Undergrad: 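Pasting a structure below so you can have a look.
Small disclaimer: the values here were computed from a predicted structure and weren't measured. So you know, we letter chains A, B, ... as the sequences are listed, proteins then strands, and number each from 1.
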Protein chains: 2
Amino acid sequence: MPATMSDVARAAGVSVMTVSNVLTGRKRVGENTRRRVLAAVDDLGYELNLTARHLRAGRTDTIVLVAPRFDHPYFGELAARLSKRLERTGRHLVVEQSGASREGELEALSLARLHLYDGVLLSVVGMTPDDVERLRTTVPVVLLGEQDMPDRFDQVRMDNVEGARLATAHLLATGSRRVAAVGGSTSGRGMTFVRTLGWRRAHEEAGLPADDALVLPAGQSDLADGREAVRRLVREGTSFDGVFAFTDTLATGVLAGLAEAGLRVPDDVQVVGFDNLDASEFLVPGLTTVDPGHDEMADHALRLLDRLIDPSPGAGAGTAVEPERVTGPVSLVLRGTTRPAP
Amino acid sequence: MPATMSDVARAAGVSVMTVSNVLTGRKRVGENTRRRVLAAVDDLGYELNLTARHLRAGRTDTIVLVAPRFDHPYFGELAARLSKRLERTGRHLVVEQSGASREGELEALSLARLHLYDGVLLSVVGMTPDDVERLRTTVPVVLLGEQDMPDRFDQVRMDNVEGARLATAHLLATGSRRVAAVGGSTSGRGMTFVRTLGWRRAHEEAGLPADDALVLPAGQSDLADGREAVRRLVREGTSFDGVFAFTDTLATGVLAGLAEAGLRVPDDVQVVGFDNLDASEFLVPGLTTVDPGHDEMADHALRLLDRLIDPSPGAGAGTAVEPERVTGPVSLVLRGTTRPAP
DNA sequence: CCACGCTGGTTTATCGATACACCGGAGCCC
DNA sequence: GGGCTCCGGTGTATCGATAAACCAGCGTGG
């Protein structure tokens with residue numbers, strides 16, 4: 001049995017409350033008793049039980065990032081950014097997995113779990129607005145990275161349409177005429193659909209036709225899916241001279257597929273990704289990609305969350321905070337998978 | 001204020017205990033009362049407070065993986081594997097960050113936090129045995145991925161020496177004579193040192209000299225460090241025709257550096273990594289790398305942890321479990337960054 | 001001389017859920 | 001008919017820490 005605070009109290013000959021005070025420093029304690037308590041703590045190898053503190057205090061100083069999957073580099077990088085910011089205020093970040101796009105989605109990570117944290121950053125990739133609508137909870141929640149979710153929630157989104165438009169427009173401007181949209185989808189309302197919209201819009205603006213045969217959906221395994229997309233284009237003889245991959249991970253797979261097919265990048269086929277992962281700069285050739293403003297998104301997300309956690313210092317209760325939608329600034333990062341602008 | 005269980009009880013006209021029983025299904029409850037309770041739950045939007053349950057039950061059904069950093073793909077993949085296994089037994093995985101190799105190391109993630117979980121999988125990359133020795137806790141802990149830690153703990157390790165030896169031996173067997181060890185170190189006892197040992201051993205076995213000038217340390221940013229290592233070799237005119245990079249991430253940086261320097265892979269320089277990340281197969285050319293037996297490691301880690309969590313069904317108390325050290329099987333995965341064996 | 005404030009502590013109630021003991025009645029076996 | 005289990009419940013103590021109220025002793029100023 002681990003030692004409890006009252007064990008320490010008994011050993012030190014003081015009350016539990018005094019032990020608590022020594023440990024938290026919340027009240028002054030005489031130097032003598034202080035030392036006795038600390039000695040007892042050391043002696044018994046006592047460790048604070050945070051669970052009990054949480055129950056009593058109703059606060060955990062911990063934020064959770066709920067990502068669709070653990071093994072997706074994008075969320076790893078996001079978590080790192082968030083964690084760094086939270087450390088400044090003495091808080092912690094933990095990451096949980098929702099197992100996106102499966103039946104159980106949020107169910108798997110039962111609603112009750114969210115109560116274990118002061119706030120929730122919920123990535124809603126692969127969830128429908130309906131899924132989110134069902135999410136009735138009193139825990140502060142900020143949604144990340146999607147579009148058109150119920151406006152009951154704060155949301156931090158990428159500018160998906162504009163990012164996709166930028167990427168595609170650049171491909172068209174540098175000479176590509178048949179740009180595949182890898183990871184795209186012609187229906188639904190999720191990220192895949194919205195970026196497909198941007199792809200289409202770029203074509204319109206350039207006065208060029210967008211061929212739906214070039215929209216290739218992706219599945220669960222981005223890397224393999226990217227490669228498979230290229231294989232399929234080649235196999236079916238669909239001509240293409242550019243690829244807009246909807247994530248950098250897909251793009252990595254696409255590059256592998258192109259190499260396999262003996263197609264040169266960027267000479268035969270240009271490629272643009274989306275996310276600007278750390279690794280993308282180091283691919284060979286370096287991946288041209290859309291940078292979704294990582295830092296701004298992290299800043300916004302935490303600002304919105306803090307607004308909900310802190311019961312608004314000025315306003316009284318009942319003053320519901322008006323949900324906000326923020327969109328990060330996108331920009332195109334030019335590297336070796338595209339040709340220089342003419 | 002969120003509704004509590006006793007609110008529900010009052011609304012349904014039953015005792016709290018009955019509500020609890022309905023919700024957990026731990027005892028039989030009449031169909032009528034059951035329905036009344038569920039109606040009340042729905043009505044009040046009641047959500048179970050897991051914190052309270054944890055305090056009472058002394059169990060959280062949650063395991064934590066403590067990784068040095070969130071944005072390291074290796075741990076993302078590991079987390080995914082662990083999570084999948086834990087789901088089978090109805091448990092959860094959460095990931096926390098230790099911020100390895102900083103002052104605070106585990107301090108940052110205060111010992112008390114570990115008590116929030118039923119068990120801890122602690123990656124000790126970048127920690128010294130002393131750091132770990134200081135780790136006095138009653139929570140079940142299994143150490144991951146290192147060597148020569150205090151044998152008070154269970155440990156699941158990669159066969160670092162053998163993996164490094166394999167990698168280097170293959171480079172030597174396929175014609176490389178000057179093999180750089182990127183991420184290596186000629187002192188200490190951590191992973192970097194041990195893999196350097198394997199690198200050295202392969203040279204000995206082949207009767208070839210191992211030049212310490214080819215051992216290049218890495219810092220915090222593996223990708224950039226890998227590239228920088230190549231830049232440095234080129235800048236300083238150190239001749240080399242092979243690279244053993246101590247992680248696949250470093251290898252990715254190395255490949256970028258080689259491309260930048262106009263060196264062809266594998267014709268001018270062969271490259272081998274370590275980790276067999278998902279992405280490594282999709283680099284161009286595909287990265288030859290050491291596979292550390294991911295699945296076996298995950299299996300072992302959880303087996304050892306469960307052994308500690310479950311107070312050994314057979315033996316009585318006081319029967320201390322003998323700490324175990326398991327080493328995963330390593331194997332070499334051959335891809336395009338090395339030449340075919342002669 | 002007494003009210004007053006400070007210091008260093010103790011006592012008590014509480015956070016929300018759950019283990020456990022227990023209850024009256026019904027059914028059943030030997 | 002005594003002893004047993006099963007049924008659908010209820011009351012109470014408890015998990016460990018902490019906020020808030022309270023208290024004894026002492027110095028001080030008016």
Undergrad: Which nucleotide in the set D:dT10, C:dG16, D:dA17 lies at the smallest distance from any side-chain heavy atom of B:Val14?
TA: D:dT10

Undergrad: Between C:dT18, D:dT18, C:dA17, spot the one nearest the side chain of B:Thr4, thanks.
TA: C:dA17

Undergrad: Think B:Ser20 has a side-chain N or O under 4.0 angstrom from the OP1 or OP2 of C:dT18?
TA: yes

Undergrad: With distance as the sole criterion, do the side chain of B:Arg56 and the base of D:dT14 form a donor-acceptor contact below 3.5 Å?
TA: yes

Undergrad: If I take atom CG in residue B:Asp61 and atom P in nucleotide C:dT18, what distance separates them, rounded to the nearest angstrom?
TA: 12 Å

Undergrad: Can you check the A:Met5 CE to D:dG16 C1' distance for me, whole Å?
TA: 8 Å

Undergrad: Between D:dG9, C:dA17, D:dA17, spot the one nearest the side chain of B:Ala52, thanks.
TA: C:dA17

Undergrad: NE2 of B:His54 versus C1' of D:dA17: gap in Å, rounded?
TA: 17 Å

Undergrad: For side-chain hydrogen bond (donor to acceptor under 3.5 Å, both in side chains), just list the numbers for B:Glu47 and A:His115, CA-CA rounded to whole Å, side-chain angles, deciding distance to a tenth of an Å, and then say yes or no.
TA: CA-CA 8 Å; B:Glu47 286 168 47; A:His115 278 296; 2.7 Å; yes

Undergrad: Find the distance B:Leu50:CG to C:dA17:C1' and express it as a whole number of Å.
TA: 10 Å

Undergrad: Could you state the NE2-P distance from A:His115 to C:dG16, rounded to the nearest angstrom?
TA: 11 Å

Undergrad: Could you check if a side-chain atom of B:Val124 sits within less than 4.5 angstrom of a side-chain atom of B:Gln155, using non-hydrogen atoms only?
TA: no

Undergrad: Side chain of A:Ser15 only, heavy atoms from C-beta on: which candidate in D:dA17, C:dT10, C:dT18 is closest?
TA: C:dT10

Undergrad: Let's see if you can work this out: which of D:dA17, C:dG16, D:dC7 has an atom nearest to the side-chain heavy atoms of B:Arg28?
TA: D:dC7

Undergrad: Given B:Lys84 and B:Glu87, is the salt bridge (Lys or Arg N to Asp or Glu O under 4.0 Å) satisfied, shown in steps?
TA: CA-CA 5 Å; B:Lys84 189 187 299 177; B:Glu87 268 176 27; over 6 Å; no

Undergrad: Out of D:dG16, D:dA19, C:dT10, which has the shortest distance to the side chain of A:Arg26?
TA: D:dA19

Undergrad: Take a 6.0 Å sphere around CZ of A:Arg152 and say whether it holds more than 12 heavy atoms from other residues, nucleotides or ligands.
TA: yes

Undergrad: So which nucleotide from D:dG8, D:dT18, C:dA17 ends up closest to the side chain of B:Thr33?
TA: D:dG8

Undergrad: Nearest whole Å is fine: how far is D:dT14 P from A:Leu55 CG?
TA: 17 Å

Undergrad: In whole Å, what is the span from the CG atom of A:Asn49 to the P atom of D:dG16?
TA: 7 Å

Undergrad: If I take atom CE in residue B:Met17 and atom P in nucleotide D:dT12, what distance separates them, rounded to the nearest angstrom?
TA: 15 Å

Undergrad: Could you tell me whether a side-chain N or O of B:Arg81 sits under 3.5 Å from a main-chain N or O of B:Met297, the two making a donor and an acceptor?
TA: no

Undergrad: Check whether the side chain of B:Lys27 and the base of D:dG8 form a donor-acceptor pair under 3.5 Å.
TA: no

Undergrad: Which residue lies toward the 5' end of DNA chain D, B:Glu31 or A:Val16, if each is placed at its nearest nucleotide?
TA: B:Glu31

Undergrad: Among D:dG16, C:dA17, C:dT10, which is the nearest nucleotide to the side chain of A:Thr18?
TA: C:dT10

